[in-house]
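None of these values were measured; they are calculated from a predicted model.
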Amino acid sequence: MLYSEKVMDHFRNPRNVGEIADADGVGEVGNAKCGDIMKMYLKIEDGIIVDVKFETFGCGSAIATSSMATELIKGKQVDEALSLTNQAVVEALDGLPAHKIHCSVLAEEAVRAAIKDYYDKNGIAYEPEQFCSGDCSCCHEHDHHGE
(Lines give C-alpha, C1' and ligand atoms only; values in the text may rest on other atoms or scores of the structure.)
Protein backbone atom coordinates (compact mmCIF):
# COMPACT_ATOMS: atom_id res chain seq x y z
CA MET A 1 0.00 0.00 0.00
CA LEU A 2 1.26 3.43 -0.98
CA TYR A 3 -0.14 5.28 2.06
CA SER A 4 0.00 4.38 5.74
CA GLU A 5 -3.16 3.80 7.77
CA LYS A 6 -2.55 7.10 9.56
CA VAL A 7 -2.36 9.03 6.28
CA MET A 8 -5.60 7.41 5.12
CA ASP A 9 -7.27 8.11 8.48
CA HIS A 10 -6.30 11.81 8.45
CA PHE A 11 -7.39 12.06 4.81
CA ARG A 12 -10.77 10.41 5.42
CA ASN A 13 -11.36 12.00 8.84
CA PRO A 14 -9.31 15.18 8.92
CA ARG A 15 -9.05 16.88 12.31
CA ASN A 16 -9.59 20.59 12.92
CA VAL A 17 -11.06 21.45 9.52
CA GLY A 18 -12.59 24.88 9.02
CA GLU A 19 -11.77 28.43 9.88
CA ILE A 20 -11.55 30.50 13.03
CA ALA A 21 -13.41 33.77 12.40
CA ASP A 22 -11.48 35.76 15.00
CA ALA A 23 -8.16 33.97 14.56
CA ASP A 24 -5.07 35.49 16.19
CA GLY A 25 -2.90 34.32 13.32
CA VAL A 26 -3.68 33.21 9.77
CA GLY A 27 -1.19 31.80 7.32
CA GLU A 28 -1.77 30.83 3.72
CA VAL A 29 0.81 29.06 1.60
CA GLY A 30 0.70 27.37 -1.74
CA ASN A 31 2.75 25.25 -4.06
CA ALA A 32 2.33 26.41 -7.65
CA LYS A 33 3.70 23.15 -9.04
CA CYS A 34 1.06 20.89 -7.54
CA GLY A 35 -1.67 23.48 -7.00
CA ASP A 36 -2.03 22.74 -3.28
CA ILE A 37 -3.13 25.64 -1.08
CA MET A 38 -3.17 25.49 2.72
CA LYS A 39 -4.63 28.02 5.08
CA MET A 40 -3.98 27.70 8.82
CA TYR A 41 -5.85 29.56 11.58
CA LEU A 42 -4.55 29.91 15.14
CA LYS A 43 -6.28 30.97 18.35
CA ILE A 44 -3.64 31.89 20.91
CA GLU A 45 -4.07 32.63 24.61
CA ASP A 46 -1.14 33.37 26.93
CA GLY A 47 1.33 32.09 24.35
CA ILE A 48 -0.48 28.78 23.94
CA ILE A 49 -2.25 27.59 20.80
CA VAL A 50 -5.68 26.84 22.24
CA ASP A 51 -7.31 26.18 18.88
CA VAL A 52 -6.13 25.56 15.35
CA LYS A 53 -8.05 24.95 12.16
CA PHE A 54 -7.11 24.52 8.53
CA GLU A 55 -8.56 24.70 5.06
CA THR A 56 -6.65 22.82 2.40
CA PHE A 57 -7.29 22.66 -1.29
CA GLY A 58 -5.17 19.80 -2.51
CA CYS A 59 -4.47 16.12 -2.69
CA GLY A 60 -5.03 13.55 0.04
CA SER A 61 -1.48 13.93 1.33
CA ALA A 62 -1.91 17.70 1.62
CA ILE A 63 -5.08 17.20 3.66
CA ALA A 64 -3.50 14.50 5.83
CA THR A 65 -0.37 16.55 6.56
CA SER A 66 -2.45 19.66 7.38
CA SER A 67 -4.60 17.61 9.73
CA MET A 68 -1.62 16.01 11.47
CA ALA A 69 0.21 19.35 11.76
CA THR A 70 -2.79 20.87 13.57
CA GLU A 71 -2.88 17.90 15.95
CA LEU A 72 0.84 18.26 16.68
CA ILE A 73 0.67 21.98 17.59
CA LYS A 74 -2.68 22.15 19.40
CA GLY A 75 -2.15 22.93 23.08
CA LYS A 76 1.52 23.74 22.53
CA GLN A 77 3.46 26.92 23.25
CA VAL A 78 3.81 29.14 20.18
CA ASP A 79 7.61 28.82 20.13
CA GLU A 80 7.29 25.04 20.42
CA ALA A 81 4.90 25.01 17.44
CA LEU A 82 7.39 27.12 15.53
CA SER A 83 9.93 24.31 15.76
CA LEU A 84 7.58 21.81 14.11
CA THR A 85 9.37 20.26 11.15
CA ASN A 86 7.93 18.62 8.08
CA GLN A 87 9.94 15.53 9.13
CA ALA A 88 8.01 15.38 12.41
CA VAL A 89 4.73 15.54 10.46
CA VAL A 90 5.87 12.74 8.11
CA GLU A 91 6.98 10.57 11.06
CA ALA A 92 3.68 11.16 12.89
CA LEU A 93 1.88 9.90 9.76
CA ASP A 94 4.15 6.82 9.59
CA GLY A 95 5.72 8.08 6.38
CA LEU A 96 4.75 9.54 3.01
CA PRO A 97 5.74 8.57 -0.51
CA ALA A 98 8.81 10.57 -1.63
CA HIS A 99 6.85 12.50 -4.26
CA LYS A 100 4.42 13.70 -1.55
CA ILE A 101 7.00 14.99 0.95
CA HIS A 102 6.44 18.53 -0.39
CA CYS A 103 2.95 18.38 1.17
CA SER A 104 4.49 18.07 4.63
CA VAL A 105 6.79 21.01 3.85
CA LEU A 106 3.71 23.03 2.96
CA ALA A 107 2.08 22.09 6.29
CA GLU A 108 5.19 23.27 8.17
CA GLU A 109 5.19 26.52 6.17
CA ALA A 110 1.48 27.11 6.86
CA VAL A 111 2.06 26.81 10.61
CA ARG A 112 5.02 29.21 10.41
CA ALA A 113 3.08 31.69 8.27
CA ALA A 114 0.20 31.73 10.79
CA ILE A 115 2.59 32.27 13.71
CA LYS A 116 4.38 35.04 11.81
CA ASP A 117 1.00 36.70 11.20
CA TYR A 118 0.25 36.46 14.94
CA TYR A 119 3.62 38.04 15.79
CA ASP A 120 3.08 40.82 13.23
CA LYS A 121 -0.45 41.60 14.48
CA ASN A 122 0.72 41.78 18.08
CA GLY A 123 4.00 43.62 17.50
CA ILE A 124 6.03 40.70 18.83
CA ALA A 125 9.66 40.95 17.76
CA TYR A 126 11.21 37.97 16.00
CA GLU A 127 14.21 37.05 13.92
CA PRO A 128 13.27 36.58 10.24
CA GLU A 129 15.45 33.45 10.24
CA GLN A 130 12.94 31.83 12.63
CA PHE A 131 10.58 31.64 9.69
CA CYS A 132 13.02 30.48 7.08
CA SER A 133 14.81 27.21 6.76
CA GLY A 134 16.41 28.51 3.58
CA ASP A 135 14.26 26.46 1.24
CA CYS A 136 10.85 27.92 1.90
CA SER A 137 8.74 30.51 0.16
CA CYS A 138 8.53 32.77 3.22
CA CYS A 139 11.69 34.68 2.36
CA HIS A 140 12.00 33.95 -1.33
CA GLU A 141 9.48 34.52 -4.06
CA HIS A 142 10.73 31.51 -5.97
CA ASP A 143 10.67 27.87 -5.01
CA HIS A 144 13.88 26.12 -3.93
CA HIS A 145 12.37 22.71 -3.26
CA GLY A 146 13.64 21.28 -6.53
CA GLU A 147 10.60 19.07 -6.93
Item checked: Pairing residues for Asp22 by the salt bridge (charged side-chain N to carboxylate O under 4.0 Å, His left out) criterion, not counting sequence neighbours -> Lys43
Next item on the list: Kindly write out the residues that satisfy salt bridge (charged side-chain N to carboxylate O under 4.0 Å, His left out) with Glu28, not counting sequence neighbours, or none if the list is empty.
Entry: Lys39
Check: Say you draw a straight line from CD1 of Ile115 to CG of Asp79; how long is it, rounded to the nearest 0.5 Å?
Finding: 8.5 Å
Item checked: For Ser4 against Gly95, the heavy-atom pair lying closest together -> OG-O, 4.2 Å
Margin query: Quick check on the hydrophobic clustering: are Val111 and Ile124 connected, directly or via other members, by side-chain heavy-atom contacts under 4.5 Å?
Written below: yes
Item checked: In one Ile/Leu/Val/Met/Phe/Trp/Tyr side-chain cluster, 4.5 Å: Ile20, Val52 -> no
Next item on the list: Tell me, with the steps shown, if Ile48 and Val78 meet side-chain contact (heavy atoms from CB on, under 4.5 Å).
Entry: CA-CA 6 Å; Ile48 293 171; Val78 173; over 6 Å; no
Check: Is there a side-chain contact (heavy atoms from CB on, under 4.5 Å) between Tyr3 and Lys100 once you walk through the steps?
Finding: CA-CA 10 Å; Tyr3 295 104; Lys100 291 296 184 180; 3.6 Å; yes
Check: What pairs with Lys74 under salt bridge (charged side-chain N to carboxylate O under 4.0 Å, His left out), at least two apart in sequence or on another chain?
Finding: Asp51
Note to self: Ala113: which residues meet the side chain to side chain contact (heavy atoms under 4.5 Å, CB included) condition with it, sequence neighbours left out?
What the structure shows: Val29
Check: Where is the tightest heavy-atom contact between Leu72 and Ala88, given as atom of each residue plus distance?
Finding: CD1-O, 4.1 Å
Item checked: Partners passing side chain to side chain contact (heavy atoms under 4.5 Å, CB included) against Glu45 (at least two apart in sequence or in another chain) -> Val50
Note to self: If the condition is side chain to side chain contact (heavy atoms under 4.5 Å, CB included), which residues does Asp46 pass it with, not counting sequence neighbours?
What the structure shows: none
Next item on the list: Calculate, to the nearest 0.5 Å, the distance between atoms CD1 and CG belonging to Ile73 and Leu42 respectively.
Entry: 5.0 Å
Margin query: Please give me the minimum heavy-atom distance between Leu93 and Lys6, naming the atom from each residue.
Written below: O-CB, 3.7 Å
Check: Excluding sequence neighbours, so at least two apart, what forms side chain to side chain donor-acceptor pair (under 3.5 Å) with Asp9?
Finding: Asn13, Arg15
Notebook entry, point to check: For the hydrophobic clusters of this structure (ILVMFWY residues joined by side-chain heavy atoms under 4.5 Å, transitively), does one cluster hold both Phe54 and Ile37?
Noted result: no
Item checked: pair Glu55-Val17: side-chain heavy atoms closer than 4.5 Å -> no
Check: When rounded to the nearest 0.5 angstrom, what distance separates CD1 in Ile63 from CZ in Arg12?
Finding: 12.5 Å
Item checked: Pairing residues for Asp36 by the side chain to side chain contact (heavy atoms under 4.5 Å, CB included) criterion, not counting sequence neighbours -> Cys34, Cys59, Ala62, His102, Cys103, Leu106
Next item on the list: Sequence neighbours left out, what passes ring pair (Phe, Tyr, Trp, His ring centres under 6.0 Å) with Tyr126? Give chain and number order.
Entry: Tyr119, Phe131
Check: Which pairs, with at least one residue in residues 60-69 and sequence neighbours excluded, count as a side chain to side chain donor-acceptor pair (under 3.5 Å)?
Finding: His10-Ser67, Thr56-Ser66
Check: Under the salt bridge (charged side-chain N to carboxylate O under 4.0 Å, His left out) test, which residues partner Lys76, sequence neighbours left out?
Finding: none
Next item on the list: Please round to the nearest 0.5 Å and tell me the distance separating atom CG of Leu96 and atom CD1 of Ile101.
Entry: 5.0 Å
Next item on the list: For residues 81-97, pull every pair meeting side chain to side chain donor-acceptor pair (under 3.5 Å), keeping only residues two or more places apart or in separate chains.
Entry: Asn86-Ser104
Note to self: Using 0.5 Å steps for rounding, measure from the CE atom of Met8 to the CG atom of Leu2.
What the structure shows: 9.5 Å
Item checked: Closest heavy-atom pair and its distance - Gly60, Phe11 -> CA-CD1, 3.4 Å
Item checked: Spacing of OG1 belonging to Thr70 relative to CG belonging to Asn16, to within rounding of 0.5 Å -> 3.5 Å
